[in-house]
Structures are given as structure tokens and as C-alpha cells.
Amino acid sequence: MTALDTSTPSATRASPRTVDRNAPFFIVMNAGSGKKQGDETKALIEEKLGAAKRRFEFRLVENADELVNVAQRAVADAKAARGVVVGAGGDGTLCAVAQAVYGSGCPFAVLPRGTFNYFSRDHGIPAEPAQAIALMLRARAFPVQVGFVNEQMFLVNASLGLYPKLLEDREAYKQRFGRSRLVALWSALVTLLRPHRHLRLHIDHEGEQHDVRTSTLFVGNNRLQLEQIGTKEAPSLQQSKLVAIAPRAVGRLRQLVLSLHGAAGALGDADDVNRLAFRQITVRSPSRRVKIATDGEVHRLKTPLVFRVGDEPLYLLKYEPDVAEEHRA
């Protein structure tokens with residue numbers, strides 16, 4: 001399946017936009033996750049934006065099921081007020097808010113509050129709330145690429161097979177033992193050592209068909225994450241492509257070895273991995289519905305699955321390109 005797409009890019013080559021220095025902020029924050037951290041972040045926002053004499057409104061989400069509706073209402077109000085929509089949370093929360101923002105014409109800003117924060121880190125946005133707020137107050141809005149699987153957006157990655165199972169198990173472990181990277185890594189190891197089914201997938205790409213038997217299909221839209229696991233196709237994201245990774249069907253021990261290659265940043269050296277850079281692929285499966293994980297959230301989608309680069313960019317408040325690269329970590 002290894003191939004490179006040569007089709008014409010790129011919505012992300014659009015020009016950056018200057019944000020009105022009086023534009024109000026509409027801040028969507030999950031109040032039910034990490035209450036102490038949330039209260040501290042809220043107080044800091046009130047202090048910093050109040051000192052800057054910048055209008056802002058909180059849209060607190062008490063129940064995760066309300067996130068999409070709250071985000072959509074925030075976007076409607078921001079659009080009417082020529083404002084900025086801010087997502088405060090981890091990658092899953094940011095993705096839900098970003099999907100509501102997408103296509104509205106509103107700029108999007110983030111205050112990272114997650115465990116891994118791949119989206120914000122890849123774009124050089126500080127993890128320290130005070131620094132992220134200061135950036136919001138002076139940044140321009142730059143176009144960034146988003147991915148879709150059917151109509152579900154993803155900012156970082158989308159996957160089916162073993163990876164959604166890893167996420168479900170990770171969430172169960174976090175509820176029992178707390179939210180930390182160590183708990184996440186331990187739960188992943190336990191899941192990998194259990195028996196798992198292989199997927200039989202038929203992938204259509206630019207008129208070519210690929211039959212793939214794999215434990216998981218992972219589609220990446222985050223240069224930092226792809227560089228960390230060591231896949232050589234990471235630079236393709238800068239050419240308005242996504243990157244698909246599918247380990248060939250192997251036993252549990254070899255699966256663990258492949259996972260260790262990824263953890264060590266050496267997946268590019270592994271022989272048992274299919275890779276493909278693309279703008280759009282169609283994935284067919286014998287199952288009518290499959291579990292899909294997008295930015296850490298698990299959904300059930302109908303097949304066939306169409307993975308594609310978004311037709312237009314999301315406009316993100318961030319540092320100028322040279323400064324953003326210095327802050328990327």
C-alpha cells in the first residue's frame with residue numbers, strides 16, 4: 001500500500017487573517033472534567049481578558065453530551081458579533097468545537113487542557129494557560145488543515161480496529177486510576193497483550209484497489225505525532241495530504257514489537273507496515289457499521305468510510321510561522 005499522492009493541494013495555502021483587536025471571545029469549556037483545573041483556568045481567563053478590557057463570554061459544558069450543541073450556539077453568537085470561538089480542553093473537546101466553527105468564517109483559538117495536546121503542540125500553542133491567553137490577544141488567524149472521515153472531522157487522527165479499543169480501555173483505566181500519561185501507556189500495553197481480531201479492508205485510492213488485512217487503520221493529520229512514531233510520510237501533511245498507516249496482520253508478539261517501534265520513533269524502519277499519503281481514500285469493510293476513533297472520541301459510522309482532507313481550512317489563532325516552529329514541542 002506504500003505510495004505517495006501527487007494531486008494538487010492546498011486549502012492551507014490561503015492567506016492568514018488579521019483579527020479585530022476588539023473581537024469578543026466566546027469560550028467553550030468542559031466544566032465537568034478536571035473541576036479544580038477548570039476553576040483555575042476560568043479565573044485566569046477572567047483576570048487576563050478583564051485586564052485587557054476584552055469582552056468575553058463563557059459557555060460552560062456541564063455534560064459532555066451537550067458539547068456539540070453548546071459549541072454550535074457559541075459559533076452562532078460569535079458569527080453575529082464578529083467574534084472568536086475558543087475551545088478549552090483536550091484534543092477531543094477541541095475537535096468538537098472546531099467542527100462547529102468549520103465553515104462559519106469565525107476564527108478559532110485554543111486553551112489546551114488535555115493529557116497529550118497534540119493539536120496545540122503541533123501548532124506551537126503554549127500549554128501554560130497565561131501564555132496561551134496572551135497569544136489569543138495578539139495573534140493572527142492562520143489556515144490549518146483538517147481531516148474528515150465521512151462527515152466527522154478530526155484534527156489529529158482517525159482510526160478503526162485496535163486503536164479505538166485502546167482508547168476505550170484507556171478511558172476505563174483513567175476512571176479507575178486517574179488521568180496521566182503513565183496510566184495511558186500501561187492500559188495500552190495491557191490491551192496489546194490481549195487477543196484481537198484482524199480487519200479485512202478494501203481501500204480505493206485514485207482508481208487503485210488495495211486489499212489489506214490489519215489490526216488497525218490509523219489516519220494521521222498531525223506532524224508532531226507522526227514524527228514521534230517515526231513514519232517517513234510525516235512531511236506529506238505539508239503538501240495537503242493525510243497519512244494512513246496499517247500494520248500487516250501479525251501475531252501478538254510481533255504486534256507488540258511494532259508498537260515498541262512506534263514508541264521509539266522507529267516505525268519507518270519496520271517492514272510489517274503499510275503506509276499511504278493521500279488526499280482521499282474510500283475504505284470498505286464487511287461490517288455495515290464500525291467503531292471509529294477521532295481525536296480520542298469513539299463513534300460508530302456507516303461504511304464505506306471516506307477519509308479526506310477538508311475542502312477548506314480552519315483559521316487558528318497562533319504564532320507567526322517562524323515563531324510557531326520554535327514553540328512546537
Side-chain angles (χ1 to χ4, degrees), residues 25-45 56-78 84-102 104 106 108-121 125 127 129 132 146-160 163-181 183-184 187-188 191 221-222 289-302 314 316:
F25 293 111
F26 294 81
I27 304 163
V28 181
M29 179 185 293
N30 188 344
S33 177
K35 189 176 188 307
K36 181 180 178 182
Q37 183 192 29
D39 289 345
E40 291 173 351
T41 302
K42 186 171 180 290
L44 188 63
I45 292 169
F56 63 95
E57 295 182 18
F58 283 109
R59 302 299 169 88
L60 300 181
V61 181
E62 301 292 343
N63 184 327
D65 294 337
E66 301 171 352
L67 177 58
V68 172
N69 288 335
V70 172
Q72 289 173 342
R73 291 195 296 271
V75 170
D77 292 342
V84 177
V85 181
V86 183
D91 288 325
T93 297
L94 300 184
C95 182
V97 179
Q99 182 147 9
V101 173
Y102 188 74
S104 69
C106 295
F108 179 55
V110 303
L111 293 173
R113 294 182 59 223
T115 303
F116 294 99
N117 295 322
Y118 275 114
F119 179 70
S120 57
R121 289 165 60 203
I125 295 170
V146 301
F148 281 89
V149 50
N150 293 359
E151 298 309 312
Q152 180 65 48
M153 178 193 285
F154 57 96
L155 301 175
V156 179
N157 62 57
S159 60
L160 63 152
Y163 196 72
K165 177 62 176 170
L166 286 169
L167 294 176
E168 289 180 324
D169 290 351
R170 185 179 77 186
E171 191 59 32
Y173 269 71
K174 283 182 175 180
Q175 290 179 5
R176 290 180 61 189
F177 303 112
R179 294 182 176 273
S180 73
R181 293 193 181 197
V183 170
S187 70
T191 303
N221 184 43
N222 185 274
R289 283 183 175 271
V290 294
K291 283 185 180 180
I292 297 287
T294 56
D295 294 349
E297 303 295 326
V298 179
H299 315 271
R300 279 193 172 273
L301 299 184
K302 290 182 179 179
L314 182 71
L316 176 68

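Computed from a predicted structure; not experimentally measured.
- When Val110, Val101, Val146 are each tested for a side-chain contact (heavy atoms from CB on, under 4.5 Å) with Leu316, only one passes: Val110.
- The CZ atom of Phe26 sits 13.5 Å away from the CZ atom of Arg73 when rounded to the nearest 0.5 Å.
- Contacts of Ala98 classified as side chain to side chain contact (heavy atoms under 4.5 Å, CB included), with partners at least two apart in sequence or in another chain: Phe108, Met153, Leu155, Leu314.
- Contacts of Glu57 classified as salt bridge (Lys or Arg N to Asp or Glu O under 4.0 Å), with partners at least two apart in sequence or in another chain: Arg55, Arg59.
- Among residues two or more places apart in sequence or in another chain, the ring-ring contact (aromatic ring centres under 6.0 Å, His included) test is passed with Phe119 by His123.
- Gln152 is linked by a side chain to side chain donor-acceptor pair (under 3.5 Å) to Gln99, counting only residues two or more places apart in sequence or in another chain.
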Going through the checks in order, is the side-chain contact (heavy atoms from CB on, under 4.5 Å) test met by Leu60 and Lys42? CA-CA 10 Å; Leu60 300 181; Lys42 186 171 180 290; 3.9 Å; yes
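- Within the 3.5 Å criterion, the main-chain N or O of Val156 finds a donor-acceptor partner in the side chain of Asp295.
- Residues that satisfy the side chain to side chain donor-acceptor pair (under 3.5 Å) test with Asn221, not counting sequence neighbours, are Gln145.
- A donor-acceptor pair under 3.5 Å links the side-chain atoms of Asn222 to the main chain of Tyr118, judged by distance alone.
- Evaluated for a side-chain contact (heavy atoms from CB on, under 4.5 Å) with Ser120, the options Leu111, Asp91, Ile125 yield exactly one hit, Ile125.
- Looking at Asn69, its side chain never comes within 3.5 Å of a backbone N or O of Glu66 through a donor-acceptor pair.
- Residues passing the side chain to side chain contact (heavy atoms under 4.5 Å, CB included) test with Ala96, sequence neighbours excluded: Leu67.
- Of all heavy-atom pairs between Leu94 and Gly87, the closest is CD2-O, 3.2 Å.
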